[in-house]
Amino acid sequence: MPTITLPDGSLKKFEQSVSVLDVASDIGPGLAKATFAGKVNGCLVDASFLIEQDSTLAIITGRDPEALELLRHDAAHIMAQSVQEIFPGTQVTIGPAIEDGYYYDFARDEPFTPDDLVLIEKRMHEIVKRDLPIVRQVLDRDEAKKIFSDLGETYKVEIIEDVIPVGEEVSIYKQGDWFDVCRGPHLPSTGKLGNGFKVMKVAGAYWRGDSKNVMLQRIYGTAWPDKKQLKAYLHRIEEAEKRDHRKLGRQLDLFHLHEEAPGSVFWHPKGWTLFRKLLDYMRFRQDNAGYIEVSTPDVMDRSLWETSGHWDNYRENMFTTQTEDDRVFALKPMNCPGSVMMFAQGLKSYRDLPLRMAEFGKVHRYEPSGALHGLMRVRHFTQDDAHVYCTEAQMEQECIDVVALVLDIYKDFGFEEVVIKLSTRPENKIGSEEVWDKLEGALSNALDTMGLDYVLYPGEGAFYGPKLEFVLRDAIGRDWQCGTLQVDMNLPERFDISYVAEDGSKKRPVMLHRALFGSLERFIGILIEHYEGKFPLWLSPVQAVVINITDKQGDYAKNIEKMLKKQQIRAISDLRNEKIGFKIREHTLQRIPYMLVIGDREMEEGKVAVRSQGGDDLGVMPVEQFIELVNNQSGY
RNA sequence: GCUCAUGUAGCUCAGUCGGUAGAGCACUUCCUUGGUAAGGAAGAGGUCACCGGUUCGAUUCCGGUCAUGAGCUCCA
């Protein structure tokens, strides 16, 4: 005789066990029809779930946020059914709901073609129309294994054996003749999926995410409560693609990439201006934060890389070169060994610590060809790197300072929400547990002291030390690591560096590796997308363009350009024999913040007519006034 | 590196069921001197990614390589 408490606090008493759906029906037939699932005592369950005892219950309908995940998981099942109906012999593996949609991994020798995807989607709509009831069934473990192995579903057997913990019940979900091993919950019937879904693309994916395993075919799809939301999503993607830094990079003439130098950037004048302005900015910030700046060699002898451990641990990622005298050199993939050499030069005292040594180092890494991606993932990039040498006692405060600095810098670019990841000791770590306790403690204490949330990634740290990663998101929702902070007691050891302590003894410093933008290339890629090419004035490669209306004002316009340049304003003039509307359009599309229009009137009065990139008419003013306007906006 | 797809003019893309190619924009020249998001005309521009194979003939079909794209794995 369960008493059920609903979210509004009202009570319902029943004579016997009732299903979620029964309760919904009891409240009203409309609600029953809309019921997707239930939440009993906080646990998401099927609509058919039987409530035997006093419980709290929330009916989940299509409007609840929890429904979306169920919907997407159902879409994955329906897609799997569709695939197996059309392509018998295809094995199913796993198919979860993900952000914005779902995927399902299949094992099949023949590749799925784009045409196949169309067929699969069509069949999915049919299965939805069939409105098959989705029924949960609990099986005995061995029985389940036998069923799937008789079907030739070897991956499912492996899942039952390895993934589902012994003792947990093995449940299958059945829709029509088709069924799948699944924890659930699911919607009451296939019809509930509606028509707000779409099969998107196919890609390879390793079985259980391990590159040593066979590659499966993963079909991605998106699913929404209705067609309108699906359309809105597709539109959102389209809009995001317009921000793609590769597209804007070309349109705004910032950079290009070339086949002969895969993964390396040719910076055009405008893109290089951006680059330089970012360096200026970072130098300003670092100077204020007590850093010094150095520069170390790009090419160094193999022996150095052996000492640092890179030759053993990072060899396959390094570019090497052999000279006439048979010496082997490597292009630096990281700046740290050079930095340590710099520290090692000359005697260091405890008075020198913390020593914050920055370097805008260009590093070369031989990245797998399939990993390259515009500016985001390249083989040659510039880090705003720094290494902080300090005592163990100073370590935590230095970490706090770095985290505060990086977040403050991101704020200057409008990145308020930054995901912080903490990666801890991996299996192949070097050094004792005590050292790792200290290093990890330094990072987590720093975050705790600052009251910052972070996501823990156990076992993901570098072999020499744990790390913090600061993650920003690109236009189409992909996450990119930018800043990083790592603590390291290994490299100082390997290079045997020391400082002279107060008591005259030699002591080993702790080393912090940190980068704030991370890679200048990647950060610029993210900025292009973040601003959609409309950079703040101080970053804008061209800040103002002077436009004449007819040839008559050519000399005057040229003169204005000169005056602006003299004031350090990045100005160009456009004296082409084109109509004013044409020039305005072009420079608007080029995202130039200010357009100065010069006609006879302006020329006679010695003024300029100012128009903003956004199309606002800022009126006619003397050049001096415009210069002041720019100067007022050019700060960081 | 792995899977799938793609590679035609500076850019965006047509096209050739195998007979060495086309549009728009951009570019050059000319006309136009026009007041805030595209004025008009003409011209030039391509070893159809590269290397092999099949064929009388390959940009087109097949194979390989390279690059790019979407993912996977890996990482700033």
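Per chain, numbering begins at 1; letters A, B, ... match sequence-line order.
Side-chain proximity of Phe582(A) to the nucleotides G35(B), A26(B), C72(B) is greatest for A26(B). For Glu259(A), whose side chain is taken as the heavy atoms from C-beta onward, the closest listed nucleotide among A37(B), U33(B), A67(B) is A67(B). Considering only side-chain atoms of Arg218(A), the nucleotide from G35(B), C72(B), A76(B) that sits closest is C72(B).
Judged by distance alone, with hydrogens and angles left aside, Glu367(A) brings a side-chain donor or acceptor within reach of the base of A76(B), the pair sitting under 3.5 Å. Under 3.5 Å, the side chain of Arg250(A) and the base of C11(B) form no donor-acceptor pair of N or O atoms.
Trp224(A) carries Arg72(A) over the face of its six-membered ring, with the cationic atom under 6.0 Å from the centre and within 45° of the normal.
With 3.5 Å as the limit, one finds no donor-acceptor pair spanning the side chains of Asp105(A) and Gln217(A).
If you check every strand for non-hydrogen atoms under 4.0 Å, Ile549(A) touches a base. Using a 4.0 Å heavy-atom distance criterion, Glu521(A) is classed as making no nucleic acid contact. Nucleic acid contact for His373(A): sugar-phosphate only, since backbone atoms but no base atoms lie under 4.0 Å from a heavy atom of the residue.
Less than 6.0 angstrom separates the ring centroid of Phe266(A) from the ring centroid of His256(A).
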Given pairs defined as Watson-Crick or G-U wobble with both distances under 3.5 Å, what dot-bracket annotation applies to RNA chain B, with ( ) intrastrand, [ ] crossing, | other strand and . unpaired? (((((((..((((.....[..)))).(((((.......))))).....(((((..]....))))))))))))....
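Taking 4.0 angstrom as the limit, Lys579(A) places none of its side-chain polar atoms (N or O) nearer than this to OP1 or OP2 of G39(B). For Gln486(A), a side-chain nitrogen or oxygen approaches OP1 or OP2 of A76(B) to under 4.0 Å. Of the side-chain N and O atoms in Arg246(A), one or more sit less than 4.0 angstrom from OP1 or OP2 of G69(B). Of the side-chain N and O atoms in Lys467(A), one or more sit less than 4.0 angstrom from OP1 or OP2 of A76(B).
Counting non-hydrogen atoms of neighbouring residues, nucleotides and ligands closer than 6.0 angstrom, the NZ atom of Lys362(A) reaches no more than 12 such neighbours.
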Quick one: which protein N/O atoms are closer than 3.5 Å to N/O atoms of nucleotides 1-5 of chain B? Pair and distance per line, please.
from: G1(B); atom 1: OP2; to: Ser369(A); atom 2: OG; distance (Å): 2.4
from: G1(B); atom 1: N7; to: Gly370(A); atom 2: N; distance (Å): 3.3
from: G1(B); atom 1: N2; to: Tyr206(A); atom 2: OH; distance (Å): 2.4
from: C2(B); atom 1: O4'; to: Tyr206(A); atom 2: OH; distance (Å): 3.4
from: U3(B); atom 1: O2; to: Gly204(A); atom 2: N; distance (Å): 3.3

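For the pair Trp480(A) and A76(B), the ring geometry does not qualify as stacking, because the centroid separation below 5.5 Å and plane angle under 30° are not jointly satisfied.
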